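Down below is the structure, laid out as structure tokens.
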Amino acid sequence: MIAEPNVKKSTTNARTLFSVISASSVGTLIEWYDFYIFGSLAAILSTQFFPKDNPTAALLSTLATFAAGFIVRPFGALVFGRLGDLVGRKYTFMVTLVLMGGSTFLIGLIPGYASIGFWAPALVLLLRLVQGLALGGEYGGAATYVAEHAPDDRRGFFTSFIQTTATLGLFVSLGVIVLTRETVGVDAFSSWGWRIPFLLSAFLVAISIYIRLKMSESPLFQKIKSEGKISKNPLAESFGKKDNLKMVLLALFGATAGQGVIWYTGQFYALSFIQKTCNIEFVQSNYIVAIALLIATPFFIIFGGLSDRIGRKGIMLAGMLLGVLTYRPIYQKMYELSDLKTKQELVDQTKTDQKATTQENGDQLITTTTTRAYADGTTVKEIEKKTVTAVALQEAPKPEVTKSVTLSGSNYWLMVLLILVQVLYVTMVYGPIAAFLVELFPTRIRYTSMSLPYHIGNGIFGGLTPFLATALVETAKKANEVAEKAGQAPVIKQAYLEGLWYPIIIASVCFVIGVLYLNNKAYTHADD
């Protein structure tokens, strides 16, 4: 959206503005880090906080708990958005920072399911809800705070720095996870080392609080406060007045819902897909996503700045359309890169190692590790853990079998490229969105009005993407299993792609509404 000539410019100098951006970004990055480590560790957390007898159900339960944090984000937007429009931007996102950091730290202290049973998932769910409420208030405050310091004709450029924090938060979370795992070892990390990234949150939040305490209030908010123009009831004014409600609905169904599914498909579902469907080795899968994130991150700023010149609408809608048209071929290629059925195995290079250990109860655990090599450089490690019970008549648990695929050479870099393309779509839809939302609403109700559609679009439509996509794939697999048992052909030939229908449909609907109803120029308001 292009700022109109009669819109006044911010008087904030460049040095002060970058200080504002830095202070806001550090806190927001840490909040995203706190929020993301749960999703990044979903596979491990499913074994810690849920029964192990059904791994698929445990993973879906973990993803559902992860999604719960997104679902309550709109409520956080209402609570903290109202507070931000009544009290101020600065103090409101100080509160959200403390809530987010505290709940993340406490997740790292919760005993596992083996120790306290169903209290473990219940406590995790409670803290995820607190995280969601806090994040619901954080983003709107940070984006509004930066936008109200920025010149109107460069609002897209300066607010795009806030947009990088979500991806950088994921990048940092992956980095901390990989570093911790490599430091303590695989077994220790799966047992207790996964807690370290959660506990580290307390240290990071303390730094952010120190930085934010030095911040001053937004100049535009100070101005309307001194003039007595602060809204007495931001919720009623935002959603009770027809014109404002229309803008809220337009923001949701014409922009943020589509932006949300593109974002969470390109970053979260992509990681889950290569780990659980493609079975890419844990560390390598995180490296693949981290490299893609690192390369793509500057494009948030590039597209944010470009939106100041050519408008927000075209860039955001182009990102949605590209996702709709290319997701299925991209994910099909990702699957093919790891599909062992299409690779030539080097049978003479197969290695098998077996180790037996006696447990405290007298049972014997036999661990068999088989390593296979393939002509294209791919290697596969399969670990089977089988328990032989000390009591002859006692039924032994089912063997645990895990398989990890390690890509090599061109296959590895092609996987990086496929993730990178998806993250570039994310930068297109997400880079300009903060400026777009800020320009929709007047200062007096901006925090409340922009936060709700953003967090419904991202928290519900976007946040549910990993869970719903995984559920769709599992449903398709079960349908094929039923058909196979009945001696019939598979009902769905490419079941692993079924999860993509959710983001494709949502982004398509949002694209059509955006094309028809979004304005490509900045909205102006009397109190700005």
Side-chain angles (χ1 to χ4, degrees), residues 19-41 45 65-66 68-70 72-73 75-77 79-81 83-84 87-110 123-146 161-180 183 192-217 447 451 455 458-459 463:
S19 296
V20 167
I21 291 171
S22 299
S24 301
S25 298
V26 168
T28 307
L29 185 151
I30 291 170
E31 290 217 33
W32 283 118
Y33 163 85
D34 287 350
F35 204 72
Y36 282 159
I37 52 177
F38 192 97
S40 301
L41 291 171
L45 296 181
T65 304
F66 180 58
F70 290 92
V72 299
R73 278 168 56 179
F75 299 100
V79 172
F80 293 109
L83 189 63
V87 178
R89 292 37 169 143
K90 171 186 172 180
Y91 295 104
T92 301
F93 60 51
M94 281 289 291
V95 174
T96 62
L97 180 62
V98 173
L99 287 174
M100 174 66 82
S103 55
T104 303
F105 178 79
L106 290 174
I107 289 176
L109 298 177
I110 297 176
L123 290 172
V124 171
L125 176 61
L126 176 63
L127 292 173
R128 279 296 295 172
L129 295 177
V130 174
Q131 282 187 323
L133 289 172
L135 191 59
E138 165 66 23
Y139 174 82
T144 299
Y145 187 78
V146 171
F161 285 89
I162 287 291
Q163 304 307 90
T164 67
T165 60
T167 294
L168 288 174
L170 176 57
F171 178 81
V172 173
S173 73
L174 295 178
V176 171
I177 289 168
V178 170
L179 180 62
T180 304
T183 301
W192 58 266
W194 61 268
R195 298 181 182 274
I196 294 175
F198 287 94
L199 299 177
L200 182 62
S201 173
F203 173 71
L204 298 176
V205 169
I207 294 175
S208 183
I209 290 174
Y210 174 76
I211 294 173
R212 284 192 171 182
L213 283 172
K214 297 184 176 182
M215 297 166 61
S216 58
E217 186 53 82
Y447 201 149
S451 293
H455 286 293
N458 287 270

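Since the structure is predicted, the reported quantities are computational estimates derived from the model, not experimental observations.
- When T96, L97, V95 are each tested for a side chain to side chain contact (heavy atoms under 4.5 Å, CB included) with L99, only one passes: V95.
- Proximity of V176 to I37: side-chain heavy atoms (C-beta onward) are nowhere separated by under 4.5 Å.
- Of the inter-residue distances, the one linking L109 atom CG with R195 atom CZ reads 7.5 Å to the nearest 0.5 angstrom.
- Note that the CG atom of L199 and the CG atom of L204 stand 11.5 Å from one another [nearest 0.5 Å].
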Inset, instruction - Could you walk me through whether F161 and V146 pass the side chain to side chain contact (heavy atoms under 4.5 Å, CB included) test, one step at a time? - result: CA-CA 9 Å; F161 285 89; V146 171; over 6 Å; no
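- When all heavy atoms of S103 and V130 are compared, the closest pair comes out as CB-CG1, 4.0 Å.
- The shortest non-hydrogen separation linking Q131 to M100 is O-CE, 3.3 Å.
- Closest of all the heavy-atom pairs between T180 and G193 is CG2-O, 3.5 Å.
- Residues T183 and L179 approach most closely at OG1-O, 2.7 Å, considering heavy atoms.
- Here the CZ atom belonging to F198 is positioned 5.0 Å from the CG atom belonging to L45, to the nearest 0.5 angstrom.
- The structure places CD1 of I107 at 12.0 Å from CZ of F105, a figure rounded to the nearest 0.5 Å.
- With rounding to the nearest 0.5 Å, the separation of CZ in R128 from CG in L123 is 14.5 Å.
- The distance from atom OG of S173 to atom CG of L168, rounded to the nearest 0.5 Å, is 10.5 Å.
- Counting heavy atoms from C-beta outward, L200 and Y33 have side chains that approach closer than 4.5 Å.
- Contact of the I110 side chain with the L106 side chain is not registered, since no non-hydrogen atoms from C-beta on lie closer than 4.5 Å.
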